[in-house]
Structures are given as structure tokens and as C-alpha cells.
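Heads up, the thing below is written out as C-alpha cells.
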Amino acid sequence: MSLLNDIKLLRLIRYAPVVLIVIFALGINFVVLKDNREKAQQSIDSLRDEVVDRQKDSIRQHVNLVVNEILYQQTQTRKILKEQAQQRVEEAHAIAMNIYQTNPDRSQSEITSLIAEALRPIRFFEGRGYFFIFQMDGTNVMHGLRPEIEGKSAWNSQDIRGTYILREHIQLVEQKGEAFYQWWYPKPGEDKNKEFEKVGFGKRFEPYNWMIGTGEYLSDVESDVKKKVLDWINDYGYDERGFLFVLDRNGKILSHRDDRYVGLNIADISMGARLDLNSMTYESKNEGGFLQFDIPVNYGSNQTKEKVSFVKSINKWEWIVGTGFYADDFEEYLVQKQIVLEEQNHQEFVKITSLSAVLTMLVTAMSLILSNMIASRFGKFQSRISNDFHELESAKDRMQYMALHDALTGLPNRVLLLEDISQGIELAKKNKTELAVVFVDLDDFKKVNDLYGHSSGDKLLELISRKFETILGPMDTVSRFGGDEFIFCFPELRSAEHARDIIKSIRQVFDDQFVIDGKILVTNCSIGVSMYPSDSDDAESLIRKADIVLYKSKAIHKGEVMFFNHTINEQIQYDYMVEEELRRAVYKNEISVLYQPQIDVKNEKLVSVEALARWSNERLGMVPTVKFIAVAERIGVIDEIGHFVFRRACEDILTISPNGTECIDVSINISPIQLMAQDFVGEILAIVDEVGISVNRITLEITENVLIDDVDKVTPILHHLRNLGFGISLDDFGTGYSSLSYLNNLPITEIKIDRCFVDKILVSDQSSTLIKAIIAIGASCDLQVVAEGVETKEQHVRLVSYGCNLVQGYYFDRPLPIDKLASREVGQVSA
């Protein structure tokens with residue numbers, strides 16, 4: 001029977017491969033045919049998607065390019081108005097001075113008449129601009145638009161907000177000889193109760209003590225800028241037929257390559273393209289979005305094509321800028337490509353089929369030959385197979401060992417560790433004992449690799465592993481958890497004190513020096529411990545809790561031992577709750593802003609305030625500012641909180657102290673992450689413009705750590721902010737190692753003396769000397785010096801004697817809500 005079975009097996013060996021090869025060849029041919037067809041279709045689909053995506057990227061780039069130019073032009077409106085107003089007044093002043101100098105024999109009244117006749121008819125700002133001349137007592141000498149007020153006094157004229165327009169103008173010009181100014185006034189033909197900002201420039205005419213000036217509505221100049229932008233967009237083109245269009249918030253076409261479309265609504269000429277700025281999604285408003293709709297091929301045509309457009313919103317002007325392409329522009333190209341691909345696939349299939357037939361015959365012949373050879377050697381291999389089977393069993397055992405042990409140290413790995421801890425827990429349950437999971441992390445192990453190389457680091461890990469094995473009991477285990485981390489499992493412990501005694505032996509391993517390749521290495525470890533049953537009855541949970549206290553131990557002080565306990569757990573839960581609640585704090589109106597007065601030491605007047613963020617939560621109560629700011633930076637909500645505080649501070653201070661010569665300034669702390677955010681400058685500048693506060697009233701406080709991290713990146717940002725008019729304050733000055741170099745390279749306008757120096761000004765000669773030096777540095781660099789943390793009268797008197805500019809602290813006032821700050825009179829000091 002055995003012989004018969006061997007004969008059948010030999011026949012199977014001889015002929016079965018041939019049959020299988022033929023079946024396999026047929027199957028391959030079928031699969032290749034099907035695969036070629038699928039690949040051809042996939043290639044066309046992929047090509048179509050690639051072409052459309054490439055075109056989408058192209059039109060997105062063009063829209064973003066134009067939008068960036070528009071945003072830039074928006075920021076130039078005020079600058080353009082000021083430059084043109086100053087230029088025109090300088091021209092008028094030159095005309096007046098020329099008339100005065102070339103007519104020395106004429107009387108003042110005659111020269112006045114000549115100057116008035118020369119300047120009265122001049123128009124600019126698209127015909128809206130004109131000149132006026134006032135005496136310094138408010139009497140009008142010449143008015144290009146309203147000659148009926150000439151000779152009359154306008155000293156008591158007020159704008160719509162009650163500001164005495166001419167008085168402020170004249171005061172500014174008398175102080176500086178020339179000055180810009182702004183006021184709010186109704187526009188001719190508009191609602192008299194609706195106010196518009198007007199910006200002007202005046203210059204003193206010395207011979208007759210006049211002020212020659214002009215002014216213009218900011219909105220009118222902005223309209224001029226809009227028209228120029230629309231003209232530029234109308235001429236903007238790309239590719240062969242590409243152009244951009246501009247719509248207003250209701251879909252009205254403001255700019256189009258074909259002028260016949262201008263003034264029409266996009267909904268009237270397209271199907272499915274009704275655009276409404278108010279209903280657009282956040283993405284399409286800020287990042288732009290794609291739209292698909294049908295639109296006539298030509299103006300007035302009934303033939304339509306599907307068009308894909310990319311649009312982006314300009315929020316301030318309520319514009320929508322976009323461009324697009326016809327979806328079927330690429331179909332003819334794709335059809336030709338499909339024909340070529342199908343022909344190529346057909347040729348490849350013929351080649352593969354022919355090659356497959358030839359190979360099948362060759363393989364069949366070779367298979368017959370090999371089958372006979374195999375059959376003849378079958379007997380010889382039977383004995384070898386038996387030997388090989390034994391070797392496979394040995395290899396299996398070795399691989400199983402490798403799967404459960406660390407390749408470098410030979411210690412159990414994570415997989416075996418979990419099994420060991422789980423078995424230890426069962427043993428502890430059975431014997432009613434305790435179990436400790438000890439997480440060990442080598443301190444500064446990276447330095448060993450950096451200084452001596454990774455090979456030395458590996459040898460150090462092997463040596464430590466062998467020493468760890470010497471302190472194990474019969475039931476104890478140690479595993480390499482990864483990198484320079486080890487985990488011990490000690491079952492059958494009597495108590496936590498028993499665990500502490502065993503941990504001492506772990507730490508003693510590091511009391512000795514390690515000699516590796518002739519080099520003496522010294523290292524230490526930090527340890528985190530969790531216990532069964534007090535902390536958990538689950539292996540992974542015990543490892544996780546030991547890991548938590550390990551890194552909490554390293555954060556406090558390296559080389560320490562820490563046991564997991566409920567206090568640590570509560571702290572972790574508290575940290576999670578802070579993160580969770582902080583994400584919704586702004587929306588829930590939980591963030592408030594307090595203001596700590598800053599007092600001018602010369603006259604003890606309140607001249608500025610520092611804005612301080614506070615957070616009160618119904619679950620957490622008052623959360624320390626240092627705590628929630630650090631969390632906000634870590635979880636990525638600092639920009640949102642920072643913008644809220646910045647806007648609230650600007651609005652509050654402007655409410656209680658309008659712009660003017662006696663207005664209160666405000667200092668606002670800026671987070672390093674917020675300062676480094678993309679478009680930070682544009683965002684806060686937009687807030688300043690919306691609120692209406694003068695930019696030179698705002699000082700941005702930064703700490704030295706933002707400069708230490710990336711001074712090269714921060715420097716151009718600070719220069720940009722300073723050029724815009726913001727003040728830059730360096731907080732906690734003197735506590736860092738390179739504060740003086742920052743004063744030399746950065747546009748700092750103010751330095752703040754840290755409270756740690758002020759606290760010791762009366763008891764420490766060193767602190768007193770340092771404060772004197774800081775104040776002297778500020779004076780020599782023309783910087784304002786602010787001392788914070790002033791708590792007593794004696795500290796205040798000492799700072800005054802040293803020449804400090806501003807002081808703040810509880811001696812004068814605690815941080816105040818805006819209503820209490822408003823109730824204080826400017827200049828009142830509560831101390």
C-alpha cells in the first residue's frame with residue numbers, strides 16, 4: 001500500500017506542475033486583459049483629475065495674488081491721504097511764501113488778497129480738495145469752498161463728536177509748526193447724523209502767523225483707491241483667456257474683462273451662481289472656495305457651459321474676487337489621450353500574450369525535466385526533510401525568544417512585560433500582597449550618545465541591564481521599555497515601604513562609575529512608581545501611572561523618586577479640566593480684562609495702564625493667569641484669547657479716554673506664540689483701525705524668552721510694528737542674559753524693571769545699584785523706564801529719586817475693572 005501511494009505521489013510530481021502551469025498561464029492572460037482595461041480607464045480618470053486640479057491650483061494662485069495686492073492697497077489708504085494732503089499744503093505754503101517774498105513793497109492786506117486769489121480756485125483729490133487759511137485766533141482768512149465764512153471766527157466750531165476742531169488743529173500746528181489731525185464730520189448730501197472720519201494737514205505761515213491747511217474724507221480717498229484697484233484688476237490677465245472678476249456682497253459685477261457685464265448681477269447671467277457675502281461659509285470668506293455653475297459662452301448667448309471658479313472674500317470692502325475656467329476645455333485633449341492609451345494597452349496585451357505562450361511552453365518542458373529529476377531524488381530528500389524539521393523547531397524557539405526580548409540587552413520587551421505584570425497581579429491577589437511597577441529613566445542619556453557615540457550608549461545600556469538583573473528576586477522581572485527606559489515588576493511586596501527599600505538597590509546601581517572603552521561615565525536615573533492594588537489592577541494602567549509620575553518627577557528635579565497618589569491624579573484631572581474649559585472660555589465670556597494704572601512720577605498723574613487678562617470659570621473658579629496662559633499656548637488657543645484681550649483693551653481705553661493730547665495710553669502683553677503667528681501684524685492693525693484708537697497709544701509688551709528662542713525671526717516683526725507706530729516694551733528687563741544686546745539691535749521704546757528688583761530696593765544694595773543702572777541705561781538710550789510691583793511709599797520715593805519715569809503697583813492701585821478705572825479722574829492717585 002505504501003509503494004502504491006509513492007507511485008501515485010511520483011505521478012503527481014511529474015504531471016501536476018504541467019497542468020498547473022497551463023491553468024496559471026490562462027489565468028494570467030485573463031487577469032492581464034482585465035487589468036489593462038481597468039488601468040486604461042484609471043489613467044484617463046487620473047489624468048482628468050490631475051489636469052483639473054492643476055488648473056484649480058493655477059486660478060487659486062492668481063486670485064490669492066490679486067487679493068494680497070488688494071489687502072496691501074487697503075492698508076495704504078490713510079498713508080496716501082496723509083502724503084497727498086501734506087504735499088498739497090507744502091505746495092500752497094510755497095506759493096504763499098513766494099507771493100510774500102516777491103512783493104516786499106505791498107501791504108499785508110494786498111498780499112493776503114493775492115495769496116487768497118492764488119489758492120482759492122485750486123482743486124485736487126479728484127476735484128474735492130481745497131485749501132483754507134486761518135489766523136491762530138481762529139479767524140478765517142480764506143476758504144476755498146465756503147468764501148462766506150472768510151473774516152469770521154471758527155474758534156468754537158465742533159465736529160459731530162463735540163471736539164473743537166479748529167482749536168486742536170491750531171494747538172498742534174503751534175507746537176510743531178506743522179501737524180496732521182483728524183476729525184469727524186457729516187458729508188455733503190449724506191445723513192447729518194452719520195459721521196465720517198476726515199484727515200487733514202496744516203502748516204504754519206510764519207510771516208502772518210497763519211495756518212494753511214486742507215483735509216479730506218478718508219472714505220472718499222478709499223473710494224479712489226477702490227476705483228484704481230478695479231481698473232488694475234480689469235487689465236489683469238493670464239494664460240490666453242484668463243481674467244479676474246469682482247462682485248459686491250450681493251453678487252453685482254464690479255469688474256469684468258467684458259465691460260457689458262459690469263453692473264449686472266451674477267445670478268442674472270448664470271445658473272446656480274447666486275453669491276451672498278452674508279451666507280458664504282467661513283472657509284470661502286477667509287480661505288476662498290470653489291464654485292461650479294453654468295454660464296453663457298458669450299454675452300447674450302443662450303449656449304451655456306459649466307464653469308469652475310475660485311472666489312475669495314475681501315471682508316472690509318465686501319468684495320468677492322474670483323476667476324475660473326470652463327470644465328470641458330480639457331475634454332478634447334482627454335479623448336485624444338484615451339485613444340493613444342487604448343492603442344498602447346492593446347499592443348502591450350499582444351506582446352504579453354505572445355510572450356506568455358512562449359514562456360508557458362518553455363516552462364512546461366522544463367517542468368517535465370525537473371519533475372523527473374525531483375522524483376529520482378525524492379528518496380534522498382526524505383531523510384534530509386526529517387533533519388530540517390528538527391532545525392525548524394529550533395529556529396522557531398529562537399524566533400519566539402527574539403519576539404519577547406530586547407535585541408540589545410536581552411531583557412524582556414514590552415510584550416513580555418505586560419504578561420509578567422499581569423501574572424504578578426494574579427499572584428498578588430492570590431497571596432494578598434502588593435505589587436510595584438517601577439519606571440526607571442536614565443537622566444541625560446542623550447548627552448552620552450552625543451559626547452561618546454551611540455556605540456558607547458549601547459554598551460552603557462547593556463552594562464546597566466546586567467547590574468539590574470543582579471538585584472532581582474525569584475519572582476521579580478525587569479524589562480527594557482524603549483530607548484533609555486526600564487520597567488521593574490516587584491510582586492509579593494508587604495507594603496509601599498518595602499518597595500522603597502527595593503528601589504534603594506536600584507539607585508545604588510548608579511552610585512558606581514561605568515567604565516566603557518576606557519572612558520569613565522557617570523549617570524543617574526529618575527524613578528516613577530505605581531502600586532497594586534492602591535493605584536490600579538490593570539497592567540497597562542499601572543505602567544501609564546508610573547510613567548506619569550516619572551516625568552512629573554523629572555519636571556520637578558531629575559534624579560528623584562515619586563510614587564503615584566491621588567493628589568497627583570487630581571492635579572492631572574485638574575489640568576485636563578483647565579484645557580477643556582479654556583477652549584470655550586472666550587465664547588462663554590469668561591475672560592475679563594483688568595487695568596493696572598501706571599503713574600508718571602513727575603506729576604503723579606495716571607498716564608497709562610497695563611491690560612491684564614483674568615479667567616473666572618464656574619467649575620474652576622479663578623484660574624491663575626500664568627497657569628491658563630501656559631495652557632492656552634500649549635493647546636493652541638492663545639491667538640484667540642490674545643486677539644480678544646487686545647480688542648477689549650483698545651475698546652475700553654478709547655471709551656473712557658478718547659484720542660487726544662491728554663489721553664491714557666495702554667500696554668498689552670503679547671505671547672511669544674501670538675507674535676510669531678502668521679499675519680499677526682495685519683490682524684492687530686485691523687483691530688486698531690476698526691476700533692479707531694490711535695496706534696501710538698498702544699505699547700506691546702514682550703518678554704525676553706521670545707527673543708531668546710528666535711531673535712532673527714522676531715527682529716523684522718518688531719521693526720514693522722514700530723514703523724507702524726506701536727510702542728515696544730521689554731518686560732522683566734535685567735532678568736535675562738542678553739538684555740543689553742536687545743536694546744542695541746531692536747526698536748525697544750520702553751523697559752520694565754522686574755518686581756524682584758523693586759522688592760529688594762530698600763534692603764539690598766545690589767538691587768538698588770541694578771535699578772540705578774537700568775534707569776541710567778534707559779535715559780541714555782532715550783527709553784521710558786517703568787518700575788512694576790511698587791508696594792510701599794518708601795519704594796516709590798526711592799524710585800523717584802533715581803529718576804524712574806513711570807511706576808505701577810498696589811501702592812497706587814490694584815488692577816481695576818474698566819468701570820472703576822473710568823470713575824477715577826485722570827491724574828488722581830489713590831495712594
Side-chain angles (χ1 to χ4, degrees), residues 592-614 622 624-626 649 652-653 656-657 661-669 697 699 701 703-704 727 729-736 739 748-831:
S592 59
V593 183
L594 302 182
Y595 303 92
Q596 185 162 44
Q598 294 181 334
I599 310 302
D600 188 333
V601 299
K602 293 181 179 178
N603 51 28
E604 295 194 350
K605 284 188 176 183
L606 189 159
V607 296
S608 181
V609 295
E610 180 180 0
L612 303 170
R614 296 291 186 265
M622 288 297 299
T625 303
V626 174
D652 285 349
I653 296 305
I656 67 169
S657 177
T661 55
E662 298 295 329
C663 63
I664 299 175
D665 295 337
V666 60
S667 293
I668 304 171
N669 291 280
R697 297 178 60 183
T699 296
E701 289 196 19
T703 54
E704 191 170 316
S729 175
L730 184 57
D731 201 5
D732 303 336
F733 182 79
T735 60
S739 298
I748 305 298
T749 60
E750 176 184 278
I751 54 178
K752 299 191 75 173
I753 303 174
D754 188 74
R755 64 176 63 249
C756 68
F757 299 133
V758 176
D759 286 343
K760 300 177 182 178
I761 190 173
L762 301 176
V763 297
S764 169
D765 292 340
Q766 184 178 9
S767 293
S768 181
T769 303
L770 283 172
I771 292 175
K772 283 182 180 179
I774 292 172
I775 294 173
I777 291 170
S780 65
C781 297
D782 196 23
L783 303 176
Q784 185 162 256
V785 181
V786 182
E788 56 185 1
V790 180
E791 309 289 342
T792 66
K793 180 178 181 180
E794 291 75 12
Q795 292 173 342
H796 175 223
V797 171
R798 183 69 62 87
L799 289 166
V800 171
S801 68
Y802 289 171
C804 185
N805 304 119
L806 301 179
V807 290
Q808 68 180 78
Y810 283 6
Y811 174 63
F812 302 98
D813 259 321
R814 293 176 177 272
L816 304 171
I818 191 61
D819 55 345
K820 290 188 178 180
L821 181 67
S823 65
R824 287 190 46 171
E825 296 181 5
V826 177
Q828 177 188 359
V829 179
S830 61

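Since we're looking at a predicted model, the values are computed, not measured. Throughout, numbering of the chain's residues begins at 1 and tracks the sequence.
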Gln795/Leu762 under side chain to side chain contact (heavy atoms under 4.5 Å, CB included): CA gap, chis, key distance, verdict
CA-CA 7 Å; Gln795 292 173 342; Leu762 301 176; 4.0 Å; yes

How long is the straight-line distance from [atom2] of [Y] back to [atom1] of [X], given to the nearest 0.5 Å?
| X | Y | atom1 | atom2 | value |
| --- | --- | --- | --- | --- |
| Phe733 | Ile753 | CZ | CD1 | 9.0 Å |
| Asn805 | Leu799 | CG | CG | 11.0 Å |
| Asp665 | Thr699 | CG | OG1 | 6.5 Å |
| Gln596 | Leu594 | CD | CG | 9.5 Å |
| Ile751 | Ile774 | CD1 | CD1 | 6.5 Å |
| Ile761 | Thr769 | CD1 | OG1 | 10.0 Å |

Hey, does the side chain of [X] reach the backbone of [Y] with a donor-acceptor pair shorter than 3.5 angstrom?
| X | Y | answer |
| --- | --- | --- |
| Ser823 | Lys820 | yes |
| Arg697 | Ile664 | yes |
| Ser767 | Cys756 | no |

Audit row: Leu783, Leu730, side chain to side chain contact (heavy atoms under 4.5 Å, CB included) steps and yes/no | CA-CA 11 Å; Leu783 303 176; Leu730 184 57; over 6 Å; no

- Pair Gln808, Lys752: side-chain N/O donor-acceptor within cut-off below 3.5 Å: yes

Ser729 side chain to Glu750 side chain, donor-acceptor N/O pair below 3.5 angstrom: yes

For [X] and [Y], which heavy atoms make the closest approach, and how far apart are they?
| X | Y | value |
| --- | --- | --- |
| Asp759 | Gly789 | OD1-O, 4.1 Å |
| Ala611 | Ile668 | CB-CG1, 4.3 Å |
| Cys663 | Ser657 | CA-OG, 3.2 Å |
| Gly778 | Val785 | CA-CG2, 3.8 Å |
| Ile771 | Tyr802 | CG2-CD1, 4.0 Å |
| Asp600 | Lys602 | OD1-N, 3.0 Å |

- How about Asp819: does its CG atom have over 12 heavy atoms from other parts shown lying under 6.0 Å from it?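 Atom CG in Asp819 is crowded, with more than 12 foreign heavy atoms closer than 6.0 Å.
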
Exactly one candidate in Ile599, Val607, Val601 meets side chain to side chain contact (heavy atoms under 4.5 Å, CB included) with Leu806; the answer is Val607

Query - Flag side-chain contact, heavy atom, 4.5 Å: Glu791 against Arg755 - result: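 Answer yes - side chains close enough.
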
Worksheet entry | Close side-chain approach of Ser592 and Pro817, heavy atoms under 4.5 Å | no

Item to complete: Show your working on side chain to side chain contact (heavy atoms under 4.5 Å, CB included) between Leu821 and Ile653 and close with a plain yes or no.
Response: CA-CA 9 Å; Leu821 181 67; Ile653 296 305; 4.2 Å; yes

